Amino acid sequence: MIKDFFDQFPYILVGLEVLYLIGIIFLAGKIIMDTRNTSKTLAYIMLIIFLPVVGIIIYFVFGVNYRKNKFYTFKIERNEQVYEAVSTYIKEAHDKTLENHNEEIDQFLTTVNFLYNAGHSPLSQGNHAEVLINGEGKFEKVFEVLEKAVHHIHLEYYIYDNDEIGNRLADLLIKKAGEGVIIRFLYDDMGSGKIGKKLLKRLKAGGVEVSPVNKITFRLLANRVNYRDHRKIIIVDGAEVFTGGINVSDKYINPNPQQYWRDVHLYMKGEAAFYFQFLFFSNWIFATEKVPEISQLYFKKSKEEGTSLIQTAASGPDTKPSIMLSTSSAVLSAKKRIYIVTPYFIPVETVLNAIKQVAVSGVDVRLMVPKSGDSVIVNAAAYSYYEELMENNVKIFFYKKGFIHAKTMIIDDNFSSVGTANMDVRSQELNFEVNALVFDKKINEKLQDLFHEDMNDCEEISLVSWRKRPKYKVFFEHLARLLSPLI
């Protein structure tokens with residue numbers, strides 16, 4: 001019937017085709033103006049040209065730049081309001097640390113200054129820091145600290161599952177709420193799809209204040225899928241903080257040895273908590289549109305209990321790409337070694353070029369990644385980078401024991417990064433992420449020892465053997481790389 005209609009009125013079909021062509025031209029112009037990344041721009045233009053209609057849908061679902069959307073303009077304004085309320089605590093901590101420890105961070109002073117000027121992130125002194133291995137190590141410490149909470153507990157998680165560990169944590173939160181402790185809990189509505197309505201109702205009924213960061217009404221049409229809250233944060237009484245790669249889920253405590261999950265988290269006590277508190281309040285006010293009274297009780301000045309200098313790198317659609325730029329800056333400051341662990345390696349050009357530059361200059365650069373990722377396309381896209389890395393003296397190690405999910409970077413003897421950000425486009429440009437940068441030889445040594453221990457469960461890739469892979473695999477990997485800005 002449709003064919004007969006257009007046969008009878010062919011000028012209507014021609015008119016529709018002309019309108020579609022005009023629409024494609026205008027959309028291509030919008031993509032060019034809104035998308036700063038060249039490879040991403042080309043990828044989206046190829047999609048709308050070679051996948052008629054479907055490509056347009058994909059762009060509007062995944063590609064619209066929400067940094068210019070009023071939705072995030074509102075959040076940026078609220079961030080500044082929160083900063084005004086906490087700036088005294090943050091500036092005082094930063095100035096005091098720079099005055100006392102300028103020589104210790106001299107090698108990375110450019111990185112430190114960038115983070116403070118770009119996102120108000122202070123460098124704090126006198127912190128106690130502990131590396132926590134896997135979920136077994138993390139949750140044991142988490143429950144110990146939460147039991148002692150007296151004023152507030154703030155949680156922000158990408159994944160919170162309704163399982164054994166999730167319900168055990170919920171029980172403790174409800175118990176503490178009953179004792180009069182203020183509990184605020186933010187979760188990502190996309191990542192925490194398994195949290196379940198019953199658990200949420202139980203938390204709310206138990207006195208826990210709960211909110212998704214971005215509410216998703218229709219999951220299949222979630223147009224903010226690229227702007228996920230990928231952070232994992234717990235703040236207790238304004239002085240103790242947890243962050244890293246470990247979500248709230250049974251799989252992180254390795255109940256099944258056949259599906260081993262390798263990860264790292266960090267516990268911090270001290271004024272490092274100040275900036276995490278700022279990040280949490282910014283997202284809480286944005287998500288709930290409620291402005292709590294932000295008093296000194298949320299920024300506890302504790303006695304200096306450790307030797308760690310700590311600064312926070314945070315990124316999101318409402319901020320500058322601080323994680324990407326600080327990573328590049330820190331890499332370029334390396335003189336002896338860089339050990340990187342990441343489950344997904346699809347780097348932006350800035351970071352990739354920095355890594356290759358220092359490796360060629362003689363720095364011992366090692367990259368540890370899973371041998372098999374949890375996505376065929378993502379894995380293939382990552383594989384496409386390995387040959388050029390090895391050609392530039394980077395050593396690559398495939399972790400074979402299970403899935404390595406840690407996000408750590410060690411530089412020389414004094415710099416360590418532990419956080420939530422993967423070394424991929426999504427983490428470095430799109431999601432809400434946070435990394436703790438620790439200037440401490442003991443933490444650095446601990447992570448170095450851990451890296452060397454994990455190397456026993458790795459195989460190093462040989463450039464000669466890697467070049468012998470079947471041509472069809474190489475082609476697929478490079479095809480996946482073309483799509484990497486969209487993954």
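Because the structure is predicted, anything quoted here is derived from the model rather than measured. Values reported hereafter were calculated over all heavy atoms of this structure, with side chains retained and with hydrogens, waters and symmetry mates removed.
Using a 30° and 60° split on the angle between ring planes, Phe242 and Tyr267 fall in the tilted class, from 30° to 60°. Between Tyr339 and Phe451, the ring planes are parallel. Angles under 30° get that label, and only those over 60° would be called perpendicular.
Every residue two or more places apart in sequence or in another chain that forms a side chain to side chain donor-acceptor pair (under 3.5 Å) with Asp171 is listed here: Arg202. Remark: Glu459 engages Lys371 in a side chain to side chain donor-acceptor pair (under 3.5 Å) (not counting sequence neighbours). Taking the side chain to side chain donor-acceptor pair (under 3.5 Å) definition, one finds that His101 meets it with Glu104, Gln125, sequence neighbours left out. Listed by chain and residue number, nothing satisfies the side chain to side chain donor-acceptor pair (under 3.5 Å) test with Gln357 (two or more places apart in sequence, or in another chain).
Under a 3.5 Å cut-off, the side chain of Glu130 and the backbone N or O of Leu266 do not form any donor-acceptor pair.
Sorted by first and then second residue, the pairs that involve residues 248-262 and meet salt bridge (Lys or Arg N to Asp or Glu O under 4.0 Å), not counting sequence neighbours, are Arg262-Asp454. Residues in residues 161-186 take part in these ring pair (Phe, Tyr, Trp, His ring centres under 6.0 Å) pairs, two or more places apart or across chains: Tyr160-Phe185, Phe185-Tyr187.
Heavy atoms from other residues, nucleotides or ligands lying under 6.0 Å from CD of Glu144 number more than 12. For NZ of Lys141, the number of neighbouring non-hydrogen atoms (other residues, nucleotides, ligands) closer than 6.0 Å is greater than 12. Under a cut-off of 6.0 angstrom, the local environment of NZ in Lys96 is crowded, with over 12 non-hydrogen atoms contributed by other residues, nucleotides or ligands. Under a cut-off of 6.0 angstrom, the local environment of CD in Glu136 is crowded, with over 12 non-hydrogen atoms contributed by other residues, nucleotides or ligands.
Test Phe278, Trp284, Phe286, Phe280 against Ser282 for side chain to side chain contact (heavy atoms under 4.5 Å, CB included) and you get one pass: Phe278.
Defined by atom type and a distance below 3.5 Å, a donor-acceptor pair is present between the side-chain atoms of Gln107 and Asp412. Asp263 and His405 share a side-chain donor-acceptor pair at under 3.5 Å. Side-chain atoms of Tyr158 and Arg228 form a donor-acceptor pair, as typed in the model, at a separation below 3.5 Å.
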message: Before you tell me yes or no, could you show the steps for Glu240 and Lys148 under salt bridge (charged side-chain N to carboxylate O under 4.0 Å, His left out), namely the whole-Å CA-CA distance, both residues' side-chain angles and the distance that decides it to 0.1 Å?
response: CA-CA 11 Å; Glu240 297 177 86; Lys148 299 175 183 176; over 6 Å; no
Working for salt bridge (charged side-chain N to carboxylate O under 4.0 Å, His left out), residues Asp413 and Lys336: CA-CA 8 Å; Asp413 300 318; Lys336 294 190 293 186; 2.2 Å; yes
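Heavy atoms only, all atoms of each residue included: Ile233 and Ile235 are closest at CG2-CG1, 3.7 Å.
Under the 6.0 Å distance and 45° angle rule, Lys232 does not count as a cation-pi partner of Tyr157.
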